[in-house]
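Reviewing the structure listed below.
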2 protein chains.
Amino acid sequence: MTYCLAMRLDEGLVFLSDTRTNAGVDNVGTYRKLHVFQPAPDRVFVIQSAGSLATTQQVLDRVEQDLETSGEHESLATVSELFEAALYLGRLNREVAQSHAEALGDAATATLILGGQIKGSRPDILLVYPEGNYIHASTDRPFLQIGESKYGKFMLELAVAAGVGLVTAGKIALTSMLSTAHANLSVGPPYDVAIYRNGSLQLQELRIEADSPFLAELSQAWLTHLLETIGDLPPLPPDVLPRP
Amino acid sequence: MTYCLAMRLDEGLVFLSDTRTNAGVDNVGTYRKLHVFQPAPDRVFVIQSAGSLATTQQVLDRVEQDLETSGEHESLATVSELFEAALYLGRLNREVAQSHAEALGDAATATLILGGQIKGSRPDILLVYPEGNYIHASTDRPFLQIGESKYGKFMLELAVAAGVGLVTAGKIALTSMLSTAHANLSVGPPYDVAIYRNGSLQLQELRIEADSPFLAELSQAWLTHLLETIGDLPPLPPDVLPRP
């Protein structure tokens, strides 16, 4: 499986993806699921993917081909709004999946997150369904998840409730990822992070390797603090605690 | 849906169930999913259920009927080991589901957690599958979950890693429940807690109501401490943080 998430904050956008792929437990691989496109100085896009790896790769190949070939056709360079980019990706995604549907059926589908900014429009994150349609993240719930989304959802709800900034959101994204990877073997490092500050039209990217000292430190601190947190919680009502 | 969990610790057993049932979002109810049976002074059982509410109730009715009617038949009073109780419940569960399968198919199945102690045997928790077979919780992973198990799994893994005691385990169980209920509308209060100290042959039970001051205090403390925890985590590597 996969776990990708994106958060939209007042200051900017945070993207995080794992890299584990598997076709059965005896066929586990590492593939990038977070892809950055900057086809012109006035626009930057992040595409995250869950579902069929083959379909995703073919979609990305077609995105690149559309950018590299001249002509009147639509591409990430020609769209003028993020929602148009979402529809464009949705169309490619659907076409690719349909071209393999006879052999693969639903197994050929992929789900995408698209985020970024086109100059003059507001930065945003959108979920692109296998059917080709899309939704924006909402104001009340300004994050999106694809893949194994349940394990780490609580952390994102928490960030929303607290209205955190970009730095804290990055940490929350990583703890959401660690909680997921800890509970589900099909999600794992390395992790790809991209952080976007609104209006900058530049993405900061980072790959966090499985053996990175930062990841070890973060993971250890997260566990230690969580246990302290639990220790500090109010005691259960006395009548429920059996005496030794 | 449902979320029930059980933990087996060195000191004893912890059980926690939500009470929300739903047959569509416009048909939400509150039903107990944690049931205690003490058919004789030498034995105590907890049964937790997920899946068809109708099947669960019929199974529990038959468990009681078997205890109340005299004769040579098997019941929770006659079994001499927990695994026999699991097989007994598995048989009832399968018979009930099969009796409704023509009308309902798989929708009539239920999954159970059975826990407790029979004097002379060690306390344990077992998962009883709809097919009638069972597994014990393992030494490496001494907890069981049924229903919406993904959201709160991380907290239980954490308890295992830390080798916590009965009191802390109770808090971890509740934070696991709060994380689940926060992320998934189909899980909700009141919550039923049962705590068993090994060898006591007595269960302490508690219902935590939605409006209980304890639950409000716990929920608030959990959110506050978690945010502090995130604030205390090591900073992201500087090259990933876009400068304002």
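Within every chain, numbering begins at 1; the chains are lettered A, B, ... in the order of the sequence lines, protein sequences first and strands thereafter. These numbers were taken from a predicted model, which means no experiment stands behind them.
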Among [options], which has the most heavy-atom pairs under 4.5 Å with chain B?
{"options": "A:H225, A:K150, A:E11, A:E228", "answer": "A:K150"}
{"options": "A:P234, A:A183, A:A221", "answer": "A:P234"}
{"options": "A:E157, A:K171, A:M155, A:E217", "answer": "A:K171"}

- Which region of B:L174, side chain (C-beta onward) or backbone (N, CA, C, O), has a non-hydrogen atom less than 4.5 Å from a non-hydrogen atom of chain A, or is it both or neither? side chain

- Does B:Y196 use its side chain to pair, donor to acceptor, with the backbone of B:L201 at less than 3.5 Å?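 Here the side-chain-to-backbone pair exists.
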
- Task: Answer with side chain, backbone, both or neither: which region of A:T168 has an atom nearer than 4.5 Å to a non-hydrogen atom of chain B?
- Result: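 It is both, since atoms from each part get that close.
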
- Message: What part of A:E148 gets within 4.5 angstrom of chain B, counting heavy atoms only: side chain, backbone, both, or neither?
- Response: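 Contact with chain B involves the side chain of A:E148 alone.
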
- Message: For a side-chain hydrogen bond (donor to acceptor under 3.5 Å, both in side chains) check, start with the C-alpha distance between B:D140 and B:S138, then their side-chain angles and the critical distance, and finish with the verdict.
- Response: CA-CA 5 Å; B:D140 294 322; B:S138 75; 5.3 Å; no

- Message: Looking at A:D124 and A:R8, is any side-chain nitrogen of the basic one under 4.0 Å from a carboxylate oxygen of the acidic one?
- Response: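 Salt bridge: yes.
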
- Message: What I want to find out is whether A:D192 reaches A:K33 closely enough, with some N-O distance under 4.0 Å, to be called a salt bridge.
- Response: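 Salt bridge: no.
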
- Query: Can you say whether the rings of B:F154 and A:H182 are parallel (under 30°), tilted (30 to 60°) or perpendicular (over 60°)?
  - Reply: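 Ring orientation of B:F154 relative to A:H182: perpendicular.
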
